[in-house]
Amino acid sequence: MTGGPAIQALPGATSATETSAIETRGLSKRFGRQMAVDSIDLSVPRGSVFGFLGPNGCGKTTTIRMLLGLASATNGSITLLGQDIPARLRDVLPGVGALVEGPAFYPFLSGAANLHRLDTADRHAPSATRRQRIHEALDRVGLSHAAGKKVKAYSLGMKQRLGIANALLAPRELLILDEPTNGLDPQGTREVRSLVRSLAAGGTTVFVSSHLLAEVEQICTHAAVMSAGRIVAQGTLSDLRRAGHVQLKVITPDVGAAQGVLARLGLEPAVGRQDGADGQVTAEFPVDAVSPEEIAAALVGGGVRLRGFLVEGSTLEERFVALTGEGFEVEQ
Amino acid sequence: MLVALAGIPVLIALAVRLTSRVPSGRGPAFLDRIAENGLFAAVTGLLVSIPLFLPLTVGVVAGDTIAGEAGLGTLKYLLAAPAGRVRLLLAKYVGAAVFCLSAVLAVALSGMAIGALLFPVRPVTLLSGDTVSVGEAMVRVLLIAGYITVSLLGMAAVGLFLSTLTDVPVGAMAATIVVAIVSQVLDNLPQLEWLHPWLLSHYWLGFADLLRQPPSFDNFASNAWLQLGYIAVFGALAYGRFTTKDVLS
């Protein structure tokens with residue numbers, strides 16, 4: 001783990017490879033002089049829904065390509081479902097469904113024909129159940145009515161659904177979905193969310209890369225945040241949130257008194273917005289030092305008329321911005 | 001493309017039919033013989049297609065094999081399926097080889113058909129002066145088709161290799177066709193005679209021996225060995241390149 005807070009979310013893990021669907025050690029990829037992926041240690045527990053976060057161009061897709069054996073790693077090791085990658089790629093990949101950097105299909109073939117072709121490419125896929133599996137996969141993503149339509153007539157969202165259907169062609173132990181909700185309408189996004197939940201409930205590990213934080217916040221149990229080729233935070237979602245700042249907000253007409261009490265407790269109060277007679281005092285709130293109820297008691301004891309008292313954890317978005325920087329520029 | 005290829009002998013036969021008289025000794029070889037025996041439409045069609053049209057279509061197909069999938073973005077899904085890189089490469093080469101055969105057969109069969117339709121079909125006088133029956137002559141045409149198919153297999157291997165180098169199919173197609181053309185140009189320079197037996201296209205037009213009685217298979221064998229060499233070298237290069245390639249498209 002390099003840079004940022006290191007949070008491991010494998011309590012009581014006997015052997016990392018047994019309990020992990022994905023495990024990387026010092027994984028790096030260099031393109032020319034640029035380190036696209038810089039020594040990352042990912043640990044995706046089996047059965048988790050793992051959010052892989054990061055701004056555009058931070059190395060998420062490159063990492064996914066290495067996981068699937070599409071690109072070779074410059075350095076480091078990968079274990080997928082307990083097997084070494086790329087050495088055991090052929091044994092592992094049939095159990096892995098993937099959507100990598102946008103769906104891609106033959107435009108002159110129908111959706112079903114495209115799936116048929118991709119399924120035929122997998123030697124392990126039984127041909128006897130092919131039609132049935134294609135039908136079920138299309139049904140699952142709500143494309144049954146467009147199965148016979150040529151892909152060139154599909155909208156972006158439909159192609160995206162077809163890409164997900166491809167990942168679902170066989171029962172998978174692990175799904176790797178790169179930006180699965182790209183181009184989907186709000187309804188489609190909801191469907192993908194419930195699809196991911198139902199897959200996870202069925203025991204499939206789902207690895208979702210995304211830059212949509214709300215998305216990740218809603219469906220994921222674990223997450224890692226990547227920035228400029230490095231992993232800056234990793235762990236369960238609640239761990240990640242907790243690692244962020246928690247803010248205390250006190251609404252009271254006795255601003256001065258409240259400041260005094262908070263300062264005595266070792267906090268650094270700041271005076272916020274004045275709303276009529278009530279003032280707002282805020283302070284960064286270190287969780288371990290003093291509990292909220294003690295602060296409340298101290299304030300009341302100090303004669304502060306409490307009209308509002310709020311302990312607010314940061315959202316994932318605030319955490320994300322804090323970890324990856326505010327700027328709009330694509331990091332190099 | 002197969003339809004276009006099949007159209008060539010039809011075009012030739014129609015032209016001969018409409019002008020009715022072809023001055024002997026002008027135009028492609030055997031052209032003057034079509035009117036007297038329809039089977040020659042197939043031979044002439046093949047002969048005319050060899051320098052450019054067949055290499056063009058084979059170049060398009062072979063150049064598209066891997067680069068086409070990469071350009072569409074479907075390559076990553078095939079590999080993640082998993083298709084297996086070696087297996088995919090082999091399947092693509094077999095596909096290209098099947099196209100070589102279909103392309104040549106399209107010319108040969110449509111030639112025989114249009115020839116039979118527009119002109120009389122009779123026993124054929126071979127280059128050695130012997131005359132063979134119509135059935136035997138058709139076998140000879142198919143033998144020539146086999147010879148030309150083999151001729152194109154080396155080029156298909158070159159195309160396969162070039163196709164692993166790029167994500168832009170048009171680039172690989174053009175490069176493959178350029179290789180075929182350059183090979184033919186070099187084969188026409190007497191100063192480079194030492195190089196000629198090693199050129200991809202050296203035996204392309206050397207099927208005349210199959211029109212003798214008995215047919216001589218010397219050229220057929222030399223050609224097959226040469227093409228096999230090209231397949232081995234460029235197949236190995238394609239393997240080396242493709243199995244280590246980072247698929248980033």
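Just so it is clear, the model here is predicted, and its values are computed rather than measured. In what follows, every chain begins at residue 1, and chains take the letters A, B, ... in the order their sequences are listed.
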A:Pro107, part contacting chain B, at a heavy-atom distance under 4.5 Å: side chain
Distance, nearest 0.5 Å, that separates CG of B:Asp246 from CZ of A:Arg65: 9.0 Å
Could you pull out the closest heavy-atom pair between B:Leu79 and A:Leu93, with the gap in Å? O-CD1, 3.5 Å
Examine whether an atom of A:Leu99 lies under 4.5 Å from a heavy atom of chain B, and if so say whether it belongs to the side chain, the backbone or both; otherwise answer neither. both
Tell me whether the count of non-hydrogen atoms from other residues, nucleotides or ligands lying under 6.0 Å of NE2 in A:His124 goes above 12. yes
Any donor-acceptor N/O pair, A:Arg90 side chain to B:Pro82 backbone, under 3.5 Å: no
Measure from the side-chain N and O atoms of A:Asp122 to the backbone N and O of B:Ala83, and report whether any donor-acceptor pair falls under 3.5 Å. no
For the pair B:Tyr77 (side chain) and A:Val100 (backbone), establish whether a donor and an acceptor sit closer than 3.5 Å, ignoring hydrogens and angles. yes
Checking side chain to side chain contact (heavy atoms under 4.5 Å, CB included) for the pair A:Phe105/B:Leu72: CA distance, chi angles, key distance, verdict? CA-CA 7 Å; A:Phe105 295 100; B:Leu72 267 180; over 6 Å; no
Side chain, backbone, both or neither: which part of A:Asp119 has an atom under 4.5 Å from a heavy atom of chain B? neither
More than 12 foreign heavy atoms under 6.0 Å from CE of B:Met138: is that the case here? no
Just verifying a value: how many Å separate A:Ile64 CD1 and B:Lys76 NZ, rounded to the nearest 0.5 Å? 11.0 Å
Give the minimum heavy-atom separation between A:Glu101 and B:Leu248, together with the two atoms involved. OE1-O, 4.3 Å
Could you pull out the closest heavy-atom pair between B:Thr74 and A:Ala104, with the gap in Å? CG2-O, 3.4 Å
Identify the heavy atoms of A:Thr120 and B:Arg87 that sit nearest to each other, and give their distance. O-NH2, 3.8 Å
Is atom OH of B:Tyr239 surrounded by more than 12 heavy atoms (other residues, nucleotides or ligands) closer than 6.0 Å? no
I'd like to know whether NZ of A:Lys150 has more than 12 heavy-atom contacts from other residues, nucleotides or ligands below 6.0 angstrom. no
